[in-house]
Amino acid sequence: LAGAPELSCDEFNLTIYSEKSLPALYVYIVNAQGAVVYANLHSIGSESSESISISMLSEGLYTVYLYSGSNYLAASLAIQ
């Protein structure tokens, strides 16, 4: 993704920070079995962040996908 966003997480939230504006950022979280457990469209302004609650996720491994236009970023997420 242009101006690749940064992901961080704590026990309850996944936070996406971007230096560049991402007016149509699709966020998907997929569990280890391949099922989509979260899907939503977000708009992130330049030099700002968006937090997503992950408190509903049970323990396990997940993949977070961020799509903006034809660009995407994938990251692993482990909930313990």
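Both backbone and side-chain heavy atoms feed into the values below; hydrogens, waters and symmetry mates do not.
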Least distance between heavy atoms, [X] atom then [Y] atom:
X: Leu22; Y: Ser18; value: CD1-OG, 3.5 Å
X: Ser43; Y: Glu50; value: O-OE1, 3.9 Å
X: Thr63; Y: Ala74; value: CG2-CB, 4.4 Å

State the [atom1]-[atom2] distance between [X] and [Y], to the nearest 0.5 angstrom.
X: Leu7; Y: Ser49; atom1: CG; atom2: OG; value: 11.5 Å
X: Ser53; Y: Leu14; atom1: OG; atom2: CG; value: 10.0 Å
X: Ser68; Y: Leu25; atom1: OG; atom2: CG; value: 6.0 Å
X: Asn13; Y: Ser55; atom1: CG; atom2: OG; value: 7.5 Å
X: Ile79; Y: Cys9; atom1: CD1; atom2: SG; value: 6.0 Å
X: Lys20; Y: Ser48; atom1: NZ; atom2: OG; value: 14.5 Å

Can you check whether [X] reaches [Y] side chain to side chain, under 4.5 Å on heavy atoms?
X: Ile44; Y: Ile16; value: yes
X: Leu66; Y: Leu73; value: yes
X: Leu77; Y: Leu57; value: yes

Taking ring-ring contact (aromatic ring centres under 6.0 Å, His included) as the cut-off, I'd like each qualifying pair that reaches into residues 38-65, sequence neighbours left out, listed once.
none

Do Thr15 and Ser51 have a side chain donor and acceptor closer than 3.5 Å?
yes

Are the aromatic ring centres of Tyr28 and Tyr67 under 6.0 angstrom apart?
yes

Do the side chains of Met56 and Leu61 join up, straight or via other hydrophobic residues, at under 4.5 Å, putting them in one cluster?
no

Trace of the side-chain contact (heavy atoms from CB on, under 4.5 Å) decision for Ile29 with Ile54:
CA-CA 10 Å; Ile29 300 175; Ile54 56 172; 4.3 Å; yes

